[in-house]
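A short worksheet on the structure shown next.
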Amino acid sequence: MSVGKKDITCPTSALGTPLKDEDIKKGRVTYVEDHPDIRYSWTAGQAISRFLNELKRGRIIGVKCNECGRIMVPPRLYCELCYKPINEWVYLKDTGTVQTFSISYIDPDARPLPEPIIVAVIAIDGASPNMGIMHILGEVKPEDVYIGMKVKAVWKPENEREGAITDIKYWKPIEG
Amino acid sequence: MIEKIVDPKELRHWDGRIELYWVYTSGAAGDAFFKKLKEEGKFIAAKCKKCGKVYFPPRIYCEFDFSETEFVEISGEGKVIAFTVAKLDVYENPMDPEIYAVIELDGTDGRIIHLLGEVKPEDIYIGMRVKPVLKKKEEREGRISDILYYKPV
């Protein structure tokens with residue numbers, strides 16, 4: 001194979017050097033390793049703090065902008081369409097509609113899951129159209145999920161809630 | 001405007017941890033270099049069989065004509081071509097100054113970045129001759145830290 005200048009040749013393939021775990025464990029090859037301790041702390045801010053605290057009480061809260069009339073969830077302090085501070089807190093229902101969904105067979109570390117999980121964007125009842133949160137669906141087979149399906153939140157028992165999005169275990173179809 | 005949270009205990013934050021673990025092997029040429037350093041306390045470079053360019057750190061192929069290289073022994077000595085004095089550690093806390101230098105190694109077309117020792121920052125100059133100070137053989141692990149620092153010849 002010629003590359004650029006005529007007198008230059010390179011092998012058509014280069015063989016690697018296969019290594020086994022034990023080559024490293026027994027120190028047959030030189031290497032460096034590291035296990036950096038990477039931590040972060042994310043502050044939730046005013047609106048999401050209230051949202052999380054309300055989840056602990058088993059309620060979903062949104063906000064309303066009186067300028068455009070939209071009811072938004074997750075809550076925020078400013079309306080991004082009107083560039084104005086929002087006007088009031090609004091409690092929403094714990095039911096909604098599947099807007100879109102995806103079936104995931106792997107966990108965040110890309111390891112296979114024993115059972116696939118169904119991730120969905122759920123428009124919350126009581127909020128403006130297309131306002132919703134991302135969560136998982138349960139008590140339903142992946143093949144039975146459809147866009148527009150009505151769902152209801154399944155909450156953890158009150159004493160197990162910690163003010164996290166996982167206080168809702170999953171969303172299940174509303175029968176009928 | 002809406003009412004805001006004033007009790008700091010009601011304001012929330014989320015702590016998280018990112019798992020990261022990696023092993024970086026030296027490769028064929030790097031492995032030969034570190035083993036020679038560990039076992040014999042000697043330096044090697046890689047010479048292109050075709051054009052004669054001498055690579056440091058050693059490589060198994062010449063990057064200019066894709067020809068194979070052969071390992072050649074070098075002294076490990078060289079001269080400082082750039083240096084800087086670090087006065088803060090990685091967390092930006094003051095520390096005893098450390099001097100980092102780029103050292104052009106004799107008999108090679110390559111360079112090494114390492115610490116300078118047994119010298120004051122104000123006495124260093126570009127072109128200063130330096131030689132490596134190694135750890136004792138039994139303490140060497142086949143890593144770049146087997147070289148403690150470079151000191152003036």
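Every chain is numbered from 1, with letters handed out A, B, ... down the list of sequences. Fair warning: this is a prediction, and the values are worked out from it, not measured in the lab. Keep in mind that the numbers below use all heavy atoms, side chains included, and drop hydrogens, waters and symmetry copies.
Heavy-atom distances place no part of D23(A) under 4.5 Å from chain B, backbone and side chain included. Heavy-atom distances place the side chain of E19(B), and not its backbone, under 4.5 Å from chain A. Heavy-atom distances place both the backbone and the side chain of A164(A) under 4.5 Å from chain B. Only the side chain of I24(A) has a heavy atom closer than 4.5 Å to any heavy atom of chain B. R143(B) touches chain A through its side chain: at least one heavy atom from C-beta onward sits under 4.5 Å away, while N, CA, C and O do not.
At a cut-off of 3.5 Å, with distance as the only test, no side-chain donor of E63(B) or Y55(B) sits close to an acceptor on the other residue. Side-chain polar atoms of D94(A) and W155(A) form a donor-acceptor pair below 3.5 angstrom. Between E77(B) and Y150(B), the side chains place no donor N or O within less than 3.5 Å of an acceptor N or O (distance only, hydrogens not considered).
Within the 3.5 Å criterion, the main-chain N or O of Y170(A) finds no donor-acceptor partner in the side chain of H135(A). Side chain of R76(A) to backbone of P74(A): a donor-acceptor contact under 3.5 angstrom is found.
Annotation: maximal heavy-atom pairing with chain B below 4.5 Å, among T30(A), I38(A), T17(A), occurs at T30(A). Between chain A and the residues Y21(B), F34(B), F33(B), the largest count of heavy-atom pairs under 4.5 Å involves Y21(B). Between chain A and the residues T25(B), I5(B), I144(B), the largest count of heavy-atom pairs under 4.5 Å involves I5(B). Ranking G27(B), G16(B), G142(B) against chain A, the residue ahead of the rest is G16(B), based on heavy-atom pairs under 4.5 Å.
Judged as a salt bridge (charged side-chain N to carboxylate O under 4.0 Å, His left out), and not counting sequence neighbours, D107(A) has no contacts.
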